[in-house]
Structure formats: structure tokens, C-alpha cells
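What follows is one structure encoded as C-alpha cells, with my remarks underneath.
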Amino acid sequence: MDKTNRIIYVMGVSGSGKSTIGKRLANTLSLPFFDGDDFHPEANISKMSEGLALDDQDRRPWLESLNLLAKEHARTGAVIVCSALKKSYRDQLEKGISPEPVWIYLSGSFEVISARLRQRKGHFMPPALLRSQFETLEIPEGAIEIQVSMTPEQILKTILEKLGK
């Protein structure tokens, strides 16, 4: 089966470019795009806006809703962006999805991503929580890893090459 007719998760810490790259990838592949941030319950958004990191209990309903979304689109494909920082979160996100989702990990150093976050306006995730995300991050095995130091065009081109497009 074509890797582009399945669920493609774009993951990474806040500020890694998930939404930018996910939208471009979905547009290029003619797939629906979903931003995981849009599925957070209001309590999670409030907590993060106050500079408090989410715990696993906070994330559970959010991950479940993204998994249901993925199941709804498993046959035709979709691009879903979310942090998916821990292996247990990724396991929950891909539970019951066939064929297996493709994972794209946007990787970068704390310094590079922190500088990007300081430039971002109008987002509920404060830059101060970035350190906790890096501490939580479990590098995914088997994901397509892309360095965020490239331009969005270079990142998209690299992803498409790795997907065989």
C-alpha cells in the first residue's frame, strides 16, 4: 500500500514546525489535515496557558480523540500533527489503526527550537514549557527523522523522498 494513503503523524516538541510542515504535506498529498492542538480540551489549554505542563492524565482524553480521528481516516489517509512525545502516547495514537501509521519526527536542538518559539505569537504554549517537553521526549524508533534547521521547502522535499513520492 502507498505510504501516502494512510495516517501520517507529524510529531515533535512545540515550535518544531509540525503545523507548518503538516499543512504543506497534506496539501501536497491531497490529504485532510488535522492539528492536534485543536482537539485539546479547554482544561488542557488553560493549564498550558498558565505555564503548567500536562501530565499523562491530562493527555489521555486528548490522545483518545486523536486516535478516533485517525481510525475514521485510516482507509483514505490523513496528516495529523501532535507532539506525541512519549512512546506510550504514540502507542495509544496508533492503537487499532491498520495499516500502521507513518511517523515523521521533526527534530532540533533546544536552542534552535527555543529561538523559534520566542518569535511565535498568538499560541497558548508558552516558551517556558519547552524544557519540560525536551525532558519528556522519547526519540521515536522507526520514524522518518527530519532536522528542523532546513527550510520548510527542504523539509517537505525530504519527507516526500522518504515516502517514495
Side-chain angles (χ1 to χ4, degrees), residues 3 6-26 33-71 73-74 78-97 100-120 122-150 152 155-156 158-159 162-163:
K3 282 189 174 184
R6 55 177 30 166
I7 298 301
I8 300 172
Y9 283 112
V10 180
M11 62 157 293
V13 297
S14 184
S16 60
K18 297 181 297 291
S19 296
T20 299
I21 299 306
K23 286 176 189 171
R24 289 178 182 217
L25 181 62
F33 168 80
F34 300 97
D35 191 325
D37 286 346
D38 296 336
F39 294 83
H40 271 296
E42 188 59 41
N44 285 6
I45 293 171
S46 295
K47 190 171 182 178
M48 289 184 285
S49 296
E50 293 171 16
L52 302 171
L54 299 179
D55 59 28
D56 288 356
Q57 189 71 14
D58 297 323
R59 286 188 181 91
R60 182 172 292 117
W62 175 65
L63 293 168
E64 288 171 355
S65 67
L66 292 178
N67 176 256
L68 286 173
L69 177 70
K71 286 177 180 175
H73 294 274
V79 175
I80 302 172
V81 302
C82 62
S83 52
L85 299 175
K86 289 184 178 181
K87 182 183 183 312
S88 62
Y89 303 162
R90 294 187 292 275
D91 289 346
Q92 187 170 356
L93 287 166
E94 63 184 20
K95 186 177 181 179
I97 298 173
E100 266 186 27
V102 174
W103 288 93
I104 297 171
Y105 167 46
L106 300 180
S107 172
S109 70
F110 177 83
E111 293 73 26
V112 167
I113 294 177
S114 180
R116 291 168 70 156
L117 268 182
R118 286 191 299 272
Q119 296 173 3
R120 187 163 75 174
H123 193 273
F124 62 80
M125 177 71 169
L129 284 181
L130 182 61
R131 178 64 66 194
S132 72
Q133 287 206 332
F134 270 90
E135 290 168 357
T136 301
L137 177 64
E138 296 171 0
I139 306 297
E141 293 181 23
I144 297 170
E145 184 172 350
I146 307 290
Q147 291 297 317
V148 300
S149 55
M150 296 188 288
I155 291 172
L156 182 60
T158 303
I159 291 170
K162 302 236 183 222
L163 290 174

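The two residues Ala78 and Phe34 make their nearest non-hydrogen contact at CB-CE1, 4.0 Å. Contact record, Gly36 with Cys82: CA-CB, 4.4 Å, taken as the closest heavy-atom pair. The heavy-atom pair separating Arg60 from Gln92 by the smallest distance is O-NE2, 3.7 Å. Among all heavy-atom pairs drawn from Val81 and Gly22, the shortest one is CG1-CA, 3.8 Å.
The CG atom of Leu66 sits 12.0 Å away from the CZ atom of Arg59 when rounded to the nearest 0.5 Å. Distance check: Ile159 CD1 to Ile8 CD1 gives 8.5 Å after rounding to the nearest 0.5 Å. Note that the CG atom of Leu93 and the CE atom of Met11 stand 9.5 Å from one another [nearest 0.5 Å].
Among Ile155, Val79, Thr158, Ile146, the one residue that satisfies the side chain to side chain contact (heavy atoms under 4.5 Å, CB included) test with Ile104 is Ile146.
A search for side-chain contact (heavy atoms from CB on, under 4.5 Å) contacts involving Ser149 returns Gln147, not counting sequence neighbours. Applying the side-chain contact (heavy atoms from CB on, under 4.5 Å) test to Ile97 and every residue at least two apart in sequence or in another chain returns Ile7, Tyr9, Asn67, Ala70, Lys71, Ala74, Pro101. Ser19 meets the side chain to side chain donor-acceptor pair (under 3.5 Å) test with Asp35; sequence neighbours excluded. Listed by chain and number, the residues in a side-chain contact (heavy atoms from CB on, under 4.5 Å) with Glu100 amount to none (sequence neighbours excluded). Applying the ring-ring contact (aromatic ring centres under 6.0 Å, His included) criterion to Tyr89, with sequence neighbours excluded, gives no partner residue. Every residue two or more places apart in sequence or in another chain was checked for a salt bridge (charged side-chain N to carboxylate O under 4.0 Å, His left out) with Lys95, and none qualifies. Here Pro41 pairs with Asn44, Trp62 under the side-chain contact (heavy atoms from CB on, under 4.5 Å) rule; sequence neighbours left out. The side chain to side chain donor-acceptor pair (under 3.5 Å) test applied to Trp103 returns Glu94, not counting sequence neighbours. With sequence neighbours excluded, the residues satisfying side chain to side chain donor-acceptor pair (under 3.5 Å) with Arg24 are Glu153. In this view, Glu42 satisfies the side chain to side chain donor-acceptor pair (under 3.5 Å) rule with no residue, not counting sequence neighbours.
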Donor-acceptor list for residues 135-145 side chains, cut-off 3.5 Å, not counting sequence neighbours:
residue : atom : partner : partner atom : Å
Thr136  : OG1  : Ser132  : O            : 2.9
Glu138  : OE1  : Lys87   : N            : 2.8
Glu145  : OE2  : Ser107  : OG           : 3.1

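Judged by distance alone, with hydrogens and angles left aside, the side-chain atoms of Lys18 form a donor-acceptor pair with the main-chain N or O of Val13 at under 3.5 Å.
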